[in-house]
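Below: the structure, in structure tokens.
Since we're looking at a predicted model, the values are computed, not measured. Chain naming here is simple, since letters A, B, ... match the order of the sequence lines and numbering starts at 1 in each.
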Amino acid sequence: MPIYLPIAELPVSIFLIFGMAAAVGFISGMFGVGGGFLMTPLLVFLGIPPGVAVATGAAQIAAASMTGVLNFWRRDALDVKLGLVLVVGGLFGTLLGVLFFNAMRRAGYFELVLVLSYVTLLGTVGGLMLIESLRATFLPNRTKGQRPRRTDERWWFETLPLPMRFERSGLVISAIPLVLLGVFIGFAGSVLGIGGGFIVVPVLIYLFRVPTAVVVGTSLFQILFTMMAATMLHAVTNQSVDIVLALILIVGSVIGAQFGARVGQNLKGEHFRLLLAILIFGVAVRFAVEIGVKPTELFSIEQQEIRL
Amino acid sequence: MIRRALLLLALVLVAAPASAERLIISVSSSRVLITSSYTGAELVLFGVIERDGASVSRAGPYDIVVTVRGPATQITVREKARLGPIWVNAAQRKYAGLPGYLAIHSSRPMDQVTSEQLRERFLFSLADTIAAKGGGPPVDARAAHFNDALLRLKTAANLFQANDKGVVFLSPNLFRAAISLPATAPLGNYEAIVTLLSDGAPLATEKTDFEVVKTGFEARVALAAAMQPWLYGLVTVLIAIGFGWLANYAFRRD
């Protein structure tokens, strides 16, 4: 059944988009990730203009993270203060990201930026996760990675000025690196149509030693606010948010996520991380092939209406 | 400008002594409405050739060329080139004023309808239109390369169409042409120009137009997105968090 998208200005099959959103939702529910890094490329692959895909994807990620935040909130698995510090940086990063997004679109480099960023970000994160989880799966008897750092060992950036106490996480960290992390995630999120959870979570765990119990909730909290801001800013500055597409994506992914979450609970930790690593790395490879292999069609056209 | 004036004059001179024929045309719909189930549209253009009773009949048969032009657009064609390990957009060529949709239908293969000079002058070919409307004639091989690519991509998307069987004569004086708009055809005003020829000479020409517009819900959404972006953004955000909350509530497991 085709449905005409009023902002993307093309008809799509409602079942196809819904099915895709449900599948992405399933995966995101299973792994506890936002799924933006799958959703945006798939939408582009289905013919949705990349600008519309990124802007509309933000709304879907906001919906998915809202569900998650409420879950973690009820279980008190959320450091609100830490989340708010990240949000401060995130909002600023989102603003920068949307401005950058608009400038790149005007210059005609947006698709290249999108593809290159996907390759670098997903390639790095996916690659690191892959190595780590392969080690854990095939060398289970080796002492688990590195010796866990003692709590009195501190990174240089944790002792920068403006220290803040985070009671829920039991940490005292300088606000500066946290705000900067927020800026980076907000920027990447609004340019690439991703939430950025797959970056925030490892950084908070490994660099800031935030307790695993609150890290996912806190990351989702930050994603919720930055993606709400991103949706708003995209709508206001470039009018690329397609509300009809957003609705299909939201409903599909929300339903898919519930089933995914159930399957995810039955997965073993190492297998879980290995699968997620393969998935993330696979998307990076897919994009690398796209720009690394000679395309069959070298030419592309971009069309703008001449407004009178 | 002068060239165009001369052309017009030539047309009048050619047509004046033989003002025996007149075209009456009509398109099946003057507004194509985009609704939520829009997947493109098919229009039919009908035309009658009215002959002055006093004039002598023509030796050859009539030929009809129907040109449908969509709203003017600004098109940038980019060519990818190797830069280190990756392929990126490198050279580009801009085309201003080309219609976003262009269909040229004729009753016979174009080379039988009229001479090459007239075909070029009347823009009876897609390639000539691209060359004429887009940054001048292909000055060199590179420009021609871009022109070809534009034609190939536009034709593949069904946005540029050429059909030498596109005009069908139902009787010697009554003809019909099917206009097919793909779903990606741009919104706005379309112009259909019908030219009557005989023995390669243009006898009469007539224009009509129609428009492609969003309607109902689609129109309101597009209007809201453009005119009240803050409200539009807010509604989208509220929908997102509303559904997120609803899902959490509905699928609660504790």
Check your understanding: Which atoms of A/Ala64 come close to chain B, meaning under 4.5 Å heavy atom to heavy atom: side chain ones, backbone ones, both, or neither?
Key -> neither
Review point. What part of B/Tyr249 is in contact with chain A, defined as an atom under 4.5 angstrom from a non-hydrogen atom: side chain, backbone, both or neither?
Key: neither
Point to revise | Region of B/Ile34 in contact with chain A, defined by heavy-atom distances below 4.5 Å | key: side chain
Revision key, fill the gap. Ranked by heavy-atom pairs below 4.5 Å to chain A, first place among B/Pro229, B/Pro71, B/Ala91, B/Ala247 goes to B/Pro229
Point to revise | Polar side chain donor-acceptor pair, B/Arg69 to B/Thr129, under 3.5 angstrom | key: no
Check your understanding: Any sub-3.5 Å donor-acceptor pair from B/Tyr95's side-chain atoms to B/Asn147's backbone N or O?
Key -> yes
Exercise for review: Against chain A, label B/Arg82 side chain, backbone, both or neither, depending on which of its atoms sit under 4.5 Å from a heavy atom there.
Suggested key: side chain
Check your understanding: Picking from A/Ile7, A/Thr231, A/Val241, which has the most non-hydrogen pairs under 4.5 angstrom with chain B?
Key -> A/Val241
Check your understanding: Out of B/Gly233, B/Ala250, B/Ala90, which one racks up the most heavy-atom pairs below 4.5 Å with chain A?
Key -> B/Gly233
**Study point:** A/Ile250 portion near chain B, given a 4.5 angstrom heavy-atom threshold
**Key:** side chain
Practice item. With a 4.5 angstrom heavy-atom cut-off, could you sort out which part of A/Ile243 is near chain B: side chain, backbone, both or neither? Key: both
Check your understanding: Would you say the side-chain atoms of B/His105 pair up with the backbone N or O of B/Gln161, donor to acceptor, closer than 3.5 Å?
Key -> no
Revision key, fill the gap. In terms of heavy-atom pairs under 4.5 Å with chain A, the winner among B/Arg78, B/Lys80, B/Gln228 is B/Arg78
Check your understanding: If you count heavy-atom pairs under 4.5 Å with chain B, which of A/Ile255, A/Val293, A/Val244 comes out on top?
Key -> A/Val293
Review point. Within the distance-only criterion (no hydrogens, no angle test), does the side chain of B/Glu218 pair as donor or acceptor with the backbone N or O of B/Ser36 below 3.5 angstrom?
Key: yes
Exercise for review: Let me know if A/Leu247 has heavy atoms under 4.5 Å from chain B in its side chain, its backbone, both or neither.
Suggested key: side chain
Exercise for review: Would you please name every residue forming a salt bridge (charged side-chain N to carboxylate O under 4.0 Å, His left out) with B/Glu79, sequence neighbours left out?
Suggested key: B/Arg142
**Study point:** Top contributor to chain A interface from B/Leu234, B/Leu153, B/Val221 [non-hydrogen pairs under 4.5 Å]
**Key:** B/Leu153
**Study point:** Leading residue by heavy atom contact count with chain B [cutoff under 4.5 Å; candidates A/Ala62, A/Ser65, A/Ser300]
**Key:** A/Ser300
Exercise for review: Pick one of side chain, backbone, both or neither for A/Leu116, based on which atoms fall under 4.5 Å of a heavy atom in chain B.
Suggested key: side chain
Exercise for review: Give a yes or no on whether the backbone of B/Gly100 and the side-chain of B/Lys154 come within a donor-acceptor separation of less than 3.5 Å.
Suggested key: yes
Review point. Where the side chain of A/Tyr118 meets the backbone of A/Leu192, is there a donor-acceptor pair that is under 3.5 Å apart?
Key: yes
Exercise for review: Kindly say whether B/Leu33 contributes a backbone atom to a donor-acceptor pair with the side chain of B/Thr215 at under 3.5 angstrom?
Suggested key: no
Check your understanding: Is the distance between the ring centroids of B/Tyr190 and B/Phe210 under 6.0 Å?
Key -> yes
Review point. Just by distance, do the side chain of A/Thr67 and the backbone of B/Gly244 share a donor-acceptor pair under 3.5 Å?
Key: yes
**Study point:** Which portion of A/Leu249 sits near chain B, non-hydrogen atoms under 4.5 angstrom
**Key:** neither
